[in-house]
Participant: 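Handing you a structure now.
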Amino acid sequence: MPGRPVTGWLGGMAEVVTSGTGEVERIADRAQLQLRYTATAKDRSGAVATLSARIAKVERVLERPGVEIRTRRLSVHDTWDGKRRNGAAADQFYLLRITELGGLDDLIGELIGTEPTTLDGPNWELAQDAEARREAQRLAVHEAMATARGYTDALGGQLGPLVRITDESGPAGAASVRHMALRSSAPAGPSVAELNLEPQSITVAARCTATWEFADQGSWSTATRQATE
């Protein structure tokens, strides 16, 4: 039985909608560290005094080139044994940005020597990711275009002009970081060279959805009609 006539789509013009993803890798050129120091005492004043004595040593370690203190945050609170108050605790939190990675091992070793309650990091970053993001976007568009051309070729037509493109990469440019984490309360100034805390690869990804006009609809209609006859 003959197939029904094929009419155009969306105001007489058929469209091709495809997605593309691009990924590029770059080696991190800076890092973040997170540290927390905790002191306890019978009351809050005592806990803060004990913590202050410890923090004085920490601050001296942090007075070195390439170390940026992004956050200092103090927390003071009571401690409890069930429903009974048994003292107080004071915590100092640090978020550090390390911009000179050559001395990172030495810095981590010195910080461990200050006996932090926790040390997390390094979490690797790119100081500038604009170039990597543009390359990922270029690859995403090329993939979307190649897929669209594959469909139009299969239908005996041609890829028309771009109608619209939507970025689906997410607010942070879809960057993912493979990082290593360290939690320790080791003796003063240990060497961390054997932990291999080398800068890791960062993957910067972009994803887009593109809509194209489908040109030469006459060929498309003929091919579709013949396939349904």
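Note: hydrogens, waters and symmetry copies are ignored here, and every other heavy atom, side chains too, is used.
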Participant: Tell me the salt bridge (Lys or Arg N to Asp or Glu O under 4.0 Å) pairs involving residues 141-158, sequence neighbours left out?
Facilitator: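 Applying salt bridge (Lys or Arg N to Asp or Glu O under 4.0 Å) to every pair that reaches into residues 141-158, excluding sequence neighbours, yields nothing.
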
Participant: Just to verify, what does Glu100 make a side chain to side chain donor-acceptor pair (under 3.5 Å) with, not counting sequence neighbours?
Facilitator: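 Not a single residue meets the side chain to side chain donor-acceptor pair (under 3.5 Å) criterion with Glu100.
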
Participant: Quick check: does any side chain N or O of Thr79 sit under 3.5 Å from a backbone N or O of Ala89, one acting as donor and the other as acceptor?
Facilitator: no

Participant: Could you pull out all residues at least two apart from Thr18 that satisfy side chain to side chain donor-acceptor pair (under 3.5 Å)?
Facilitator: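 Result, side chain to side chain donor-acceptor pair (under 3.5 Å) vs Thr18: Trp212.
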
Participant: Answer yes or no: is there a side-chain heavy-atom contact under 4.5 Å between Trp124 and Leu101?
Facilitator: yes

Participant: Please evaluate residues Phe214 and Leu159 with respect to the criterion side-chain contact (heavy atoms from CB on, under 4.5 Å), reporting the C-alpha separation (whole Å), side-chain torsions for both, the decisive distance (0.1 Å), and the verdict.
Facilitator: CA-CA 5 Å; Phe214 181 80; Leu159 189 64; over 6 Å; no

Participant: Please name all residues satisfying side chain to side chain contact (heavy atoms under 4.5 Å, CB included) with Leu62, sequence neighbours left out, ordered by chain then number.
Facilitator: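 Here the qualifying residues are Val58, Val67, Ile69, Tyr94, Leu96, Leu111.
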
Participant: Side chains of Ile165 and Thr211, heavy atoms from C-beta outward: is any pair under 4.5 Å?
Facilitator: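 Not touching, per the 4.5 Å side-chain cut-off.
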
Participant: Return each pair, listed once, that meets side chain to side chain donor-acceptor pair (under 3.5 Å) where at least one residue sits in residues 62-76; pairs must be two or more places apart or across chains.
Facilitator: Glu59-Arg72, Arg64-Glu110

Participant: Please answer: with hydrophobic residues joined when any side-chain heavy atoms are less than 4.5 Å apart, are Ile55 and Leu74 in the same cluster?
Facilitator: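 As far as the 4.5 Å side-chain criterion goes, Leu74 and Ile55 are connected within one cluster.
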
Participant: If you define the side chain from C-beta out and look only at heavy atoms, does anything of Val24 sit under 4.5 Å from Leu139?
Facilitator: yes

Participant: Between Thr117 and Thr38, is there a donor-acceptor pair closer than 3.5 Å when you use the side chain of the first and the backbone of the second?
Facilitator: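 Flag set: sc Thr117 to bb Thr38 pair under 3.5 Å.
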
Participant: The test is side-chain hydrogen bond (donor to acceptor under 3.5 Å, both in side chains); show your working for Thr166 and Thr209 and say whether it passes.
Facilitator: CA-CA 5 Å; Thr166 304; Thr209 296; over 6 Å; no

Participant: Looking at CD of Glu135 and CD of Glu25, how far apart are the two atoms once the value is rounded to the nearest 0.5 Å?
Facilitator: 13.0 Å

Participant: Please report the interatomic distance CD(Glu168) to SG(Cys208), rounded to the nearest 0.5 Å.
Facilitator: 8.0 Å

Participant: I need the Leu51 CG to Gln92 CD distance, nearest 0.5 Å.
Facilitator: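 With rounding to 0.5 Å, CG (Leu51) is 6.0 Å from CD (Gln92).
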
Participant: State the CD1-CG distance between Ile108 and Leu104, to the nearest 0.5 angstrom.
Facilitator: 4.0 Å

Participant: If hydrophobic clusters are built by linking Ile, Leu, Val, Met, Phe, Trp and Tyr wherever their side-chain heavy atoms come under 4.5 Å apart, do Val17 and Leu155 end up in the same one?
Facilitator: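 Not linked; separate clusters.
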
Participant: Are any of the side-chain heavy atoms of Asn86 and Arg84 separated by less than 4.5 Å?
Facilitator: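 The answer is yes, as the side chains (C-beta and beyond) meet within the 4.5 Å cut-off.
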
Participant: Compare all side-chain heavy atoms of Pro122 with those of Ile98 and state whether any distance is below 4.5 angstrom.
Facilitator: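 No, too far: nothing below the 4.5 Å cut-off.
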
Participant: Taking the side chain as every heavy atom from C-beta outward, state whether Arg164 and Glu15 have any atom pair closer than 4.5 Å.
Facilitator: yes

Participant: Would you name the heavy atoms of Pro199 and Ala28 that are closest together and state the gap between them?
Facilitator: CB-O, 3.5 Å

Participant: If you look at every heavy atom in Ala39 and Ala47, which pair is closest and at what distance?
Facilitator: CB-O, 3.6 Å

Participant: Under the side chain to side chain donor-acceptor pair (under 3.5 Å) rule, what pairs show up with a residue in residues 42-54, not counting sequence neighbours?
Facilitator: Arg44-Asp78

Participant: With rounding to the nearest 0.5 Å, note down the distance linking CG in Leu107 to CG in Leu33.
Facilitator: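 Between Leu107 CG and Leu33 CG, I get 6.0 Å after rounding to 0.5 Å.
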
Participant: Could you pull out the closest heavy-atom pair between Ser169 and Ala206, with the gap in Å?
Facilitator: OG-CA, 3.2 Å

Participant: Using the side chain to side chain contact (heavy atoms under 4.5 Å, CB included) criterion, which residues pair with Ala154? Sequence neighbours excluded.
Facilitator: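 Checked Ala154 against side chain to side chain contact (heavy atoms under 4.5 Å, CB included); zero matches.
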
Participant: What about Val141 and Leu162, same hydrophobic cluster or not, with Ile/Leu/Val/Met/Phe/Trp/Tyr joined at side-chain heavy-atom distances under 4.5 Å?
Facilitator: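 Hydrophobic grouping puts Val141 with Leu162.
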
Participant: With a 4.5 Å limit on heavy-atom distance, are the side chains of Tyr37 and Asp91 in contact?
Facilitator: no

Participant: Mind checking side chain to side chain donor-acceptor pair (under 3.5 Å) for Thr40 and listing every partner two or more places apart, or none if nothing turns up?
Facilitator: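 With sequence neighbours excluded, Thr40 shows a side chain to side chain donor-acceptor pair (under 3.5 Å) to no residue whatsoever.
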
Participant: Can you list, by chain and residue number, the hydrophobic cluster partners of Phe93 when the side-chain cut-off is 4.5 Å?
Facilitator: Leu95

Participant: Please list, chain by chain and in numerical order, all residues satisfying side chain to side chain contact (heavy atoms under 4.5 Å, CB included) with Ala127, sequence neighbours excluded.
Facilitator: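 With neighbours one apart ignored, the set is Asp29, Arg30.
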
Participant: Can you name the residues that form a side chain to side chain donor-acceptor pair (under 3.5 Å) with Thr21, not counting sequence neighbours?
Facilitator: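 With sequence neighbours excluded, Thr21 shows a side chain to side chain donor-acceptor pair (under 3.5 Å) to Arg207, given in chain and number order.
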
